[in-house]
Number of protein chains: 2
Amino acid sequence: MTLQVTSARAAAMRKPKAPEANRARILAAAIAEFASRGYKGASMDAIAARTHTTRALINYYFGSKERLYLAVLERVYAEIRDAERGLELDHLPPAAAIRRIVDFTYDYYVGHEDFVRLVVAENQARGRHMKRFPSLRTLNRPIVDLLGRVIARGQADGDFRRDVDPIDVHMAIAALGMFNVTNQYTFGTLFQREMGGKGNVARRRQMVSDLVLTWLAESAGQPR
Amino acid sequence: MTLQVTSARAAAMRKPKAPEANRARILAAAIAEFASRGYKGASMDAIAARTHTTRALINYYFGSKERLYLAVLERVYAEIRDAERGLELDHLPPAAAIRRIVDFTYDYYVGHEDFVRLVVAENQARGRHMKRFPSLRTLNRPIVDLLGRVIARGQADGDFRRDVDPIDVHMAIAALGMFNVTNQYTFGTLFQREMGGKGNVARRRQMVSDLVLTWLAESAGQPR
DNA sequence: CCCGGAATTGACGGGCCTGTTAAATTCCCC
DNA sequence: GGGGAATTTAACAGGCCCGTCAATTCCGGG
């Protein structure tokens, strides 16, 4: 099987001008363009210009603007999912594991502003595209399972409160982490706060950990 | 002076067809349209259709699409600022006052989805319009002063920790409150969670209070 | 009664954008 | 080396949208 795949891929690779290379470059450019200007604001011509191709070629590969956008969504979600899978928490005490999850999530948002902006754009569109695309609906997020296991361990140790829904915790972490990226402009302008500064990032990230952990520890070990 | 203003305004009111009535209806329609479709997605013709006027008339009143959008932003920010001014907290114990602030903020976002969507849209545009409009830059938000006073009282009572920045607290509250509205579509789809349900709103709102209050109480009363 | 100015309309011009289609180019395989 | 498929290009058509401008309606005051 490996041989078959190899030969097939080799055949596909040596032949034409630059199909998959072009495809990959177009997708990367599309991620940047859609993240920067939103679905409607993004221009197919701009994506073509970024990749030294033409609008017709992009349609030849992806079919339409919406299809291209869906490919973008699929890609960035796959990336965060893969990154989440890389987290190794089982050897950490529950509190430290929580802190690690928060740091990872917070830093991922700060470092992947494109992803955050795409998520926000899709929500502003009321999830219209996502809804109609099955492979995006069934996309699971390992972070919730990880969180669930950590929380269960903390509860078993008597360190965490008992009535905790992992999804609620993830939502709190995601909300606090995304806000810095999503609302940095209005919030920074209104409250004279620079939100991109690295020092502030570390401080706020720790505040998120503290918020979650103090809440998790609240009235822990009470009689069940 | 009052007489002058009165007579001038009376003269302005009785005269023509429906200038300020039209103006108000256009602004309301613009809020809905911009909130629903974003700046670029919004159509001047759609706003005109909603108000039984024409695109030319809207430009006659507001000058351009961008000017109209700025008037929209100014309006919705003025509204939340006025609502925040109505909060009366001085007679409440600090913890109860915090809970009240959280409830107010959370409910305001849930009940004013247009406002939230406009804020998000402006952030997606990197605050481009807001930056260039002085009256939006100098807009202050009473909620931070209220929060600061409440926190100071809680610290004086020894109930709240000492190193607290009111803006940080407001950011946490705003982040958790906005997330339900802003990310309801992707989050709901990915995690099979209905986020509009009223019961869930009350539960999540209380979680926000608990998060903030347990954090505020953490290591309070320690030696200064 | 008529006039002057505010309010309102219809139409034009220019720009940008997307999807398609037919033609041209390139490269692989026989 | 030639057939043929895969890739790429150039140009077209249709749609939407915005700002403007001259023309028209309407109202109130002299």
Side-chain angles (χ1 to χ4, degrees), chain A residues 4 6-27 29-30 32-72 121 125 128-129, chain B residues 4 6-27 29-30 32-34 36-72 121 125 128-129 132:
Chain A
Q4 282 184 4
T6 300
S7 64
R9 190 165 297 170
M13 277 191 174
R14 43 181 156 75
K15 73 166 144 83
K17 307 162 190 185
E20 20 236 84
N22 264 351
R23 204 169 195 281
R25 286 200 352 258
I26 289 171
L27 191 58
E33 175 76 5
F34 280 119
S36 177
R37 315 216 172 178
Y39 178 73
K40 194 129 191 175
S43 156
M44 298 287 280
D45 282 325
I47 298 172
R50 285 190 201 218
T51 56
H52 301 286
T53 61
T54 65
R55 200 177 58 252
L57 184 60
I58 299 178
N59 278 327
Y60 175 72
Y61 277 122
F62 293 91
S64 72
K65 184 180 186 180
E66 189 181 24
R67 284 262 186 83
L68 174 60
Y69 176 74
L70 291 173
V72 164
R128 189 186 344 153
H129 313 92
Chain B
Q4 283 183 5
T6 302
S7 65
R9 191 166 296 170
M13 278 191 174
R14 45 182 153 79
K15 72 166 145 82
K17 308 163 190 184
E20 19 237 81
N22 264 350
R23 215 184 132 87
R25 286 202 351 258
I26 290 171
L27 191 58
E33 175 76 5
F34 280 119
S36 177
R37 314 215 172 180
Y39 178 74
K40 196 130 190 173
S43 155
M44 298 287 279
D45 281 325
I47 298 171
R50 285 192 203 216
T51 56
H52 301 286
T53 60
T54 64
R55 201 176 58 250
L57 184 62
I58 299 177
N59 278 326
Y60 175 72
Y61 277 122
F62 292 92
S64 72
K65 185 181 186 180
E66 188 181 25
R67 285 263 186 83
L68 174 61
Y69 176 73
L70 291 172
V72 164
R128 187 183 348 149
H129 314 92
R132 298 187 345 214

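In what follows, chains are A, B, ... by sequence order, proteins preceding strands, each numbered from 1.
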Notebook entry, point to check: For B/D45 and D/dG15, what is the distance between atoms CG and P respectively, to the nearest whole Å?
Noted result: 16 Å

Note to self: Taking the six-membered ring of B/F34 as reference, does the cationic atom of B/K65 (NZ for Lys, CZ for Arg) lie under 6.0 Å from its centre and within 45° of its axis?
What the structure shows: no

Item checked: Backbone of A/D45 reached by a side-chain donor or acceptor of A/R55 within 3.5 Å -> no

Notebook entry, point to check: Rounded to whole angstroms, how far apart are CZ on B/F62 and P on C/dA7?
Noted result: 13 Å

Notebook entry, point to check: Would A/N22 and A/T51 satisfy side-chain contact (heavy atoms from CB on, under 4.5 Å), going step by step from the backbone distance to the final call?
Noted result: CA-CA 8 Å; A/N22 264 351; A/T51 56; over 6 Å; no

Next item on the list: Just compare C/dC17, D/dG19, C/dT20 and give me whichever is closest to any side-chain atom of B/K65.
Entry: D/dG19

Item checked: Separation of atom CE in A/M44 from atom C1' in D/dG15, rounded to whole Å -> 16 Å

Next item on the list: Specify the residues of residues 46-58 of chain B, ordered by number, for which at least one heavy atom lies under 4.0 angstrom from an atom of DNA chain D.
Entry: B/R55, B/A56

Checklist line | Interatomic distance where CZ belongs to B/R67 and P belongs to D/dT20 [whole Å] | finding: 10 Å

Next item on the list: Would you confirm whether A/E33, through its side chain, and A/S43, through its main-chain N or O, come within 3.5 Å as a donor-acceptor pair?
Entry: yes

Margin query: Output the rounded distance in Å from OH (A/Y61) to P (C/dT18).
Written below: 19 Å

Check: Within 45° of the ring axis of A/Y61 and under 6.0 Å from its six-membered ring centre, is that where the NZ or CZ of A/R67 lies?
Finding: no

Notebook entry, point to check: So, is B/Y60 near the phosphate of C/dT8, with a side-chain N or O under 4.0 Å from OP1 or OP2?
Noted result: no

Checklist line | Integer-rounded Å distance: D/dT8 C1' and A/N22 CG | finding: 9 Å

Note to self: Can you measure A/N59 atom CG to D/dA13 atom P for me and round it to whole angstrom units?
What the structure shows: 19 Å

Next item on the list: Let me know the distance between OH of B/Y39 and P of D/dC17, rounded to the nearest Å.
Entry: 14 Å

Notebook entry, point to check: Is the shortest distance from a Lys or Arg side-chain nitrogen in B/R132 or B/E66 to a carboxylate oxygen in the other one below 4.0 Å?
Noted result: yes

